[in-house]
Amino acid sequence: MTTLAQLRQLMALQNLQAYIVPSSDEHSSEYVAEGDKKREFLSGFRGSAGTALVTQTNALIYTDSRYWLQAEKELDKRNWELCRTGSPIHFLTDVNAFSASGRIGLNPNLFSVESIDRMMESLPNARQRIVGVENDLIDQLWATRPRYPNTPLLDLGLEFSGVSCADKLARVRAQLARRHGAGAMLFVSALDEVMWVLNIRGGDIPYSPLARAHLLIGPTSAHLFTDSPAPVALQSRLASDSVQIHPYGEVAAALSQLCQGQLVVIDPSSCSWASCSILSGVAAGVQSAPSPIGPMKAVKNDVEMAGMKRAHTRDSVALVRFLHWLDNQAAAMHSRTAAPPQLHEMDLCERLVAFRAQGQYWQGESFAPIVAADAHGAIVHYEPHPATDTMPAENGPVGPESMVLIDTGGQYLDGTTDVTRTVHMGQPSDLQREVFTRVLKGFLAIHSTPFPLRGYASGSMFDTLARQALWRVGLDYGHGTGHGVGHFLGVHEHPPRISPRLQPGDMVLEPGMVVTVEPGCYLEGRFGVRIENLVRVDAAPGPLALLAESSEGCRWAQMLPLTLVPIQVRLPLPFAPACRHSPECGELVVPPSRHPDLPATVAQRRMIKVELLSGEERDWLNGYHRAIAETLCPLLEPAVAEWLRKETEPL
C-alpha cells in the first residue's frame with residue numbers, strides 16, 4: 001500500500017475530508033531538519049517551498065515558479081497533480097472546493113498564526129472545519145523518520161558577534177516596553193532570531209548554523225528551550241545573562257506557567273498556531289506584531305560587517321581558484337594533444353568545497369550547491385545529487401560546449417556567502433550571449449543606482465530595475481531579485497528582500513543591510529543564466545544634482561559588492577571550436593565577426609554582447625573587475641593571479 005493510501009485510511013478514521021502538509025517546521029523555517037521534511041516524504045518532491053493537499057480522491061502539490069520544472073520531474077503523476085502557483089489564494093480556493101464543507105486536518109505546530117488567520121478569513125465556517133491534529137498523521141506513517149541531531153551549541157564570541165547577549169536583550173526589552181508597555185514578554189520561535197540575540201549557533205538544520213529552539217524573553221529573565229547541549233562555559237555565560245535553559249519538549253508546559261496573567265507578544269509569521277493557542281488560554285493578552293529582533297539582526301553592526309567583508313574575500317579567493325581550474329578543464333576539453341577530461345556537475349561541487357575548505361573559519365556550505373549544466377540551468381533550484389533509495393541520481397555531464405550555472409555559498413564563523421556565476425565551456429550561441437548580457441544589465445542597474453534614504457526605498461523598486469533589459473525583449477524570471485543574508489546564520493534572512501511582491505513586515509533598505517542581487521533568465525529545455533552578488537547597503541555621497549536644492553537635507557545610499565568574483569567576459573578557450581589555428585604565426589583565425597564594431601578576435605571571444613552595454617555600464621564593470629584584481633591578486637598563487645589579471649582586463 002502506498003504512503004498516500006495509508007494517509008487516506010488515517011484521514012477516514014478521524015473523519016477528515018482533507019489533510020494539509022506544509023514544508024515548514026514548528027518555527028516556520030524555510031529550510032528544515034531532515035526529520036521535518038514531511039511533505040517530501042509524502043510526495044517525493046524535494047523543493048524547499050510547497051504545500052501538499054490530500055483528499056480521498058485528489059493529491060495536489062502547490063509551489064511557485066522556482067520549482068515547477070523540478071516538481072514535474074520528481075512527482076509521480078499517477079498520484080500527484082502539480083498546481084503551478086505560489087499564491088495562497090489559489091490554494092485556499094482549492095481547499096474549499098475539494099473538501100466541500102468537510103473537516104480539514106493539519107498539525108497545528110506546523111502552521112503559523114498568520115497562515116491560520118488567512119485560512120479563517122478565506123474558508124466558509126473555518127472555525128468548525130479546521131481540525132488541529134496533534135498526533136501528526138505523517139509521523140504515524142514515517143517509521144524511518146530521522147532523529148534530530150541535537151548538535152552541541154556554539155558560543156559565538158564578541159570577536160565575531162560584536163555586541164553582547166546582555167546588550168541585545170536590553171535593546172529588545174526596551175523596544176517591548178516602548179511598544180507594548182512595561183512587563184511585556186516576547187515569545188520567539190524564528191530560529192535565526194533565537195541564535196542571534198543569544199550569540200549562539202547550532203547544527204540541527206542542514207547548511208545553517210541553527211539549533212531547534214524557542215526563546216521566551218521576560219522583563220528580567222529569559223528562557224531557552226532546546227535539546228542541543230550547551231558546553232559548561234556557555235551555560236555559565238547564559239546564566240550570567242539571566243537566561244535559563246530547558247528541554248525543548250517543555251515549552252508548552254512552561255508557557256502555561258510562565259505567561260500566566262502576562263501580556264505576551266508573538267510574531268504571527270513564525271509563532272505556531274499551537275503555541276498561540278496555549279498562550280491565549282493563560283496570558284492576560286496576546287498581541288501579534290513583527291518581532292523587534294528581525295530588523296535589529298538585519299542591520300549588521302561594525303564587527304559583523306567587517307567579518308562579512310573578510311569572509312567574502314576568502315570565499316572569493318576560493319571561487320577564483322575554482323574558475324581558474326575550470327578554465328583549464330575547458331581548455332583541455334578542446335585540446336588536440338591530450339585526452340579530454342570527463343566532468344559532471346557533482347565534480348564541480350566537490351572541487352568547490354575543496355577550495356572553500358582551505359579558508360579560515362570555514363564551517364560548511366550555506367545551502368545545497370546548484371551546479372546546473374545546459375538544460376538543468378533552467379531549473380531554478382536544481383541540485384545535482386547521487387542516487388538514493390527513493391531518487392535516481394541527478395548528475396549531468398559538463399561538456400566542451402556546456403553553459404553552466406553555478407550558485408553556491410559558504411558558512412564561516414565571521415560571515416555567510418552566496419554567489420552565482422554562469423560560465424560557458426566553449427563558444428556560446430548568439431542567443432546565450434544576448435540573454436547573458438541582458439541579465440548582466442539588470443545586475444549592473446542595481447549596483448550602479450544610488451538612492452535617497454527617505455523611507456520608501458523598498459525592494460520592489462529595485463526589482464523593476466533588474467528586469468527592464470529582459471522585459472524589452474519579452475523575457476522575465478519568476479523569482480525575486482534578492483534576499484537578505486544573515487551573519488553566520490541563514491542564507492535567506494527576513495525581512496530584507498528585493499521582490500516584485502510586497503509582503504507584511506517588508507523593510508525599506510537601509511545602511512548596514514546585506515542582500516543579494518541575482519537577476520536571471522531561464523529557457524526551459526535549453527539553458528539558464530543567473531548572476532549574483534552579495535552587496536552591503538552603505539551611505540553614499542548624493543549624485544550630482546541638477547539643482548542644488550533638490551538634494552538638500554537628504555542622505556543617499558548605494559549597494560556595494562561584497563562578492564569579488566569576476567564575471568566571465570572572455571571565453572576560456574585558447575581557440576574557438578569554430579575556428580582554425582594558424583601554426584605559422586600562432587594567431588587565431590576566425591570567421592568574419594557579426595559585430596563590425598569589434599575586432600574579429602575580440603568579438604568571437606566575448607561572452608558579453610558589449611554593444612548592448614552603455615558606457616556607464618562598461619565603466620562600472622571595468623571598475624569592479626579592477627577592484628577584484630587589486631584585492632585578490634596578492635592573495636593568490638602566481639599562475640592564478642596572472643589568470644585573474646587577464647580575466648579582469650577592461651572591456
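The figures here come from the full heavy-atom set of this structure, side chains too, leaving out hydrogens, waters and symmetry mates.
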Below 30° counts as parallel, above 60° as perpendicular, anything between as tilted: where do the rings of Phe443 and Trp620 land? perpendicular
Could you give me the CA-CA distance, side-chain angles and deciding distance for Glu493 and Lys300, then say whether salt bridge (charged side-chain N to carboxylate O under 4.0 Å, His left out) is met?
-> CA-CA 12 Å; Glu493 179 176 78; Lys300 276 55 179 176; 2.7 Å; yes
Query raised in the report: For Ser291 and Asp267, does a side-chain donor sit closer than 3.5 Å to a side-chain acceptor?
Result: no
Can you list the steps and then say if Phe488 with Met195 is a side-chain contact (heavy atoms from CB on, under 4.5 Å)? CA-CA 10 Å; Phe488 187 37; Met195 300 297 104; over 6 Å; no
* Return yes if some donor-acceptor pair links the side-chain N/O of Asn533 with the main-chain N/O of Val517 below 3.5 Å, else return no. => no
**Prompt:** Is any side-chain heavy atom of Gln287 closer than 4.5 Å to a side-chain heavy atom of Ile266?
**Reply:** no
CZ (Arg497) and CE (Met513) are apart, to the nearest 0.5 Å, by 12.5 Å
- Task: Take Glu30 and His494 through the side chain to side chain donor-acceptor pair (under 3.5 Å) test and state the conclusion after the steps.
- Result: CA-CA 11 Å; Glu30 179 182 10; His494 185 75; over 6 Å; no
Notebook entry, point to check: Does any non-hydrogen side-chain atom of Glu304 lie less than 4.5 Å from one of Asn301?
Noted result: yes
Between Arg310 and Tyr412, a side-chain donor and acceptor under 3.5 Å:
no
Between the CD atom in Glu617 and the CG atom in Leu612, the distance rounded to the nearest 0.5 Å is 9.0 Å
Rounded to the nearest 0.5 Å, the NZ atom of Lys73 sits from the CD atom of Gln70 at a distance of 8.5 Å
ask   = Counting N and O atoms only, with roles assigned by atom type, does the side chain of Ser24 sit under 3.5 Å from a partner on the main chain of Leu110, one being a donor and the other an acceptor?
value = yes
For Ser23 and Ala49 the tightest heavy-atom approach is OG-CA, 3.9 Å
Can you confirm whether Gln468 is buried at CD, in the sense that more than 12 heavy atoms of other residues, nucleotides or ligands lie under 6.0 Å from that atom?
yes
Are any of the side-chain nitrogens in Arg84 or Asp64 under 4.0 Å away from the carboxylate oxygens of its partner? no
Check your understanding: Does a side chain donor of either Ser112 or Ser115 reach within less than 3.5 Å of an acceptor in the other side chain?
Key -> yes
query = Between Thr416 and Gln411, do the side chains contain an N or O donor and an N or O acceptor separated by less than 3.5 Å?
reply = yes
In this structure, CG of Leu352 is separated from OG1 of Thr408 (nearest 0.5 Å) by 4.5 Å
Distance-only donor-acceptor check, side chains Glu616 and Ser614, under 3.5 Å = no
- Can you check whether Thr563 reaches Thr417 side chain to side chain, under 4.5 Å on heavy atoms? no
dist Ile567:CD1 -> Thr420:OG1 (nearest 0.5 Å) comes out at 11.0 Å
Electrostatic pair Arg46-Glu383, nearest N-O below 4.0 angstrom
yes
Just checking, any donor-acceptor pair under 3.5 angstrom between side chains of His214 and Ser189? yes
Exercise. Between the side chain of Arg421 and the main-chain N/O of Ile406, is any donor-acceptor distance below 3.5 Å?
Worked result: no
| Taking the side chain from Arg526 and the backbone from Gln432, do they hold a donor-acceptor pair closer than 3.5 Å? | no
**Report entry** Charged N-O contact under 4.0 Å between Arg314 and Asp414
**Finding:** yes
- [ ] May I ask you to check whether Phe111 and Trp273 place their ring centres under 6.0 Å from each other?
- [x] no
**Message:** Any side-chain to backbone donor/acceptor pair from His487 onto Lys297? Under 3.5 Å, distance only.
**Reply:** no
Student check: side-chain heavy atoms of Val535 and Val515 closer than 4.5 Å: yes
Quiz item: Under 3.5 Å, is there a donor-acceptor pair linking the side chains of Asp463 and Thr481?
Solution: yes
_Candidate pair Lys609 and Asp430, rule salt bridge (charged side-chain N to carboxylate O under 4.0 Å, His left out), full reasoning_ = CA-CA 9 Å; Lys609 279 193 167 184; Asp430 191 67; 3.1 Å; yes
Of all heavy-atom pairs linking Pro206 and Val32, the shortest is CD-O, 3.5 Å
If you draw the axis of the six-membered ring of Tyr477, does the NZ or CZ of Arg467 fall within 45° of it and under 6.0 Å from the ring centre?
-> yes
Problem - Ala629 backbone acceptor or donor facing Thr648 side chain under 3.5 Å - result: no
Are the side chain of Ser43 and the backbone of Arg39 linked by a donor-acceptor contact shorter than 3.5 Å? yes
On a heavy-atom basis, the closest approach of Pro452 and Ala457 is O-CB, 4.3 Å
Val485 and His483, any side-chain heavy atoms less than 4.5 Å apart: yes
With a 4.5 Å cut-off on side-chain heavy atoms, are Leu644 and Pro566 touching? yes
Under 3.5 Å, side chain of Asn199 to main-chain N/O of Val163, donor-acceptor pair present? yes
When every non-hydrogen atom of Met607 is compared with those of Pro428, the smallest separation belongs to SD-CG, 3.8 Å
Is it true that a side-chain atom of Arg433 and a backbone atom of Ile608 form a donor plus acceptor pair closer than 3.5 Å? yes
Original post:
Looking at side-chain heavy atoms only, is the closest gap between Leu523 and Leu431 below 4.5 Å?
Top reply: yes
- prompt: So do the side chains of Val299 and Glu510 get within less than 4.5 Å of each other, counting heavy atoms only?
  reply: yes
Practice task
Would you check if the distance from the ring center of Tyr361 to the ring center of Phe160 is below 6.0 Å?
Solution key: yes
side-chain contact (heavy atoms from CB on, under 4.5 Å) test vs Leu564 passes for just one of Thr313, Val320, Leu319, Val317, namely Thr313
Heavy atoms of Ser316 and Val565 approach each other most closely as OG-CG2, 3.8 Å
Handout entry: Test of ring centre spacing under 6.0 Å for Phe451 and Phe462
Key = yes
Practice item. Test Val419 against Leu534 for side-chain contact (heavy atoms from CB on, under 4.5 Å), laying out the working first. Key: CA-CA 7 Å; Val419 54; Leu534 255 68; over 6 Å; no
Classify the side-chain pair Ser402/Asp374 by whether it contains a donor and acceptor separated by less than 3.5 Å. yes
>> We want to know whether His447 and Gln558 form a side-chain donor-acceptor pair, criterion being a heavy-atom distance below 3.5 angstrom.
In response: no
Note to self: Would Arg351 pass as a cation-pi partner of Phe322, given that its NZ or CZ must be under 6.0 Å from the six-membered ring centre and within 45 degrees of the axis?
What the structure shows: no
Checklist line | Main-chain N/O of Gly409 paired with Glu365 side-chain donor or acceptor, under 3.5 Å | finding: no
Closest heavy-atom pair, Pro500 versus Gly480, reported as atoms and distance to 0.1 Å, is CD-CA, 4.2 Å
Q. Any chance the rings of His424 and Phe436 have centres within less than 6.0 Å?
A. no
The reported gap from CG in Leu560 to NZ in Lys309 (rounded to nearest 0.5 angstrom) is 8.5 Å
* Ring centres under 6.0 angstrom apart (Tyr67, His479) -> no
